[in-house]
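First comes the structure, then the notes that go with it.
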Amino acid sequence: MNVSKRLIDLRKRCGFTQNGLAERAGVSQTHLRRVELGEADITVGHLQLLCDAMSISVQEFFKEEADSDETAAAFSKLSPKQKILLLAFLESL
């Protein structure tokens with residue numbers, strides 16, 4: 001999964017501009033822009049803030065049509081450190 005593309009898609013589906021979502025989530029608009037462009041990594045903490053602002057769970061963020069239940073279940077069992085490592089790995093793909 002491309003985290004940047006997923007974030008852009010969900011942000012637009014929720015009707016937010018970058019600035020609007022950043023403001024609502026309490027994160028820097030510059031950082032959000034860099035994450036969406038794939039120029040910066042996102043921490044689990046920032047992802048949680050963005051998901052909260054869009055009224056979705058982190059599990060929903062990673063949900064995909066075919067294997068959403070397995071992916072969500074596996075993700076929920078990870079420690080916070082493992083989640084950070086997984087996000088870093090996914091962004092490197």
Which heavy atom of [X] sits nearest a heavy atom of [Y], and at what distance?
X     : Y     : value
Ala40 : Glu91 : O-OE1, 4.4 Å
Ala25 : Leu49 : CB-O, 3.6 Å
Phe16 : Arg24 : CZ-NH1, 3.4 Å
Val58 : Cys51 : CA-SG, 4.0 Å

Non-hydrogen side-chain atoms of [X] and [Y] separated by less than 4.5 Å:
X     : Y     : answer
Leu85 : Phe89 : no
Val44 : Leu87 : yes
Ile42 : Leu50 : yes

What is the distance from atom [atom1] of [X] to atom [atom2] of [Y], rounded to the nearest 0.5 Å?
X     : Y     : atom1 : atom2 : result
Leu10 : Ile56 : CG    : CD1   : 4.5 Å
Arg13 : Ile8  : CZ    : CD1   : 12.5 Å
Thr17 : Glu23 : OG1   : CD    : 8.5 Å

Look at Lys5 together with Asp9 and state whether they make a salt bridge at an N to O cut-off of under 4.0 Å. no
[Y] backbone acceptor or donor facing [X] side chain under 3.5 Å:
X     : Y     : answer
Arg33 : Gln18 : no
Ser4  : Val35 : yes
Gln48 : Gly45 : no

Please indicate whether Glu36 has more than 12 foreign heavy atoms, meaning atoms of other residues, nucleotides or ligands, lying under 6.0 Å from its CD. yes
Let me know which of Lys63, Lys83, Gln82 forms a side-chain contact (heavy atoms from CB on, under 4.5 Å) with Phe75. Lys83
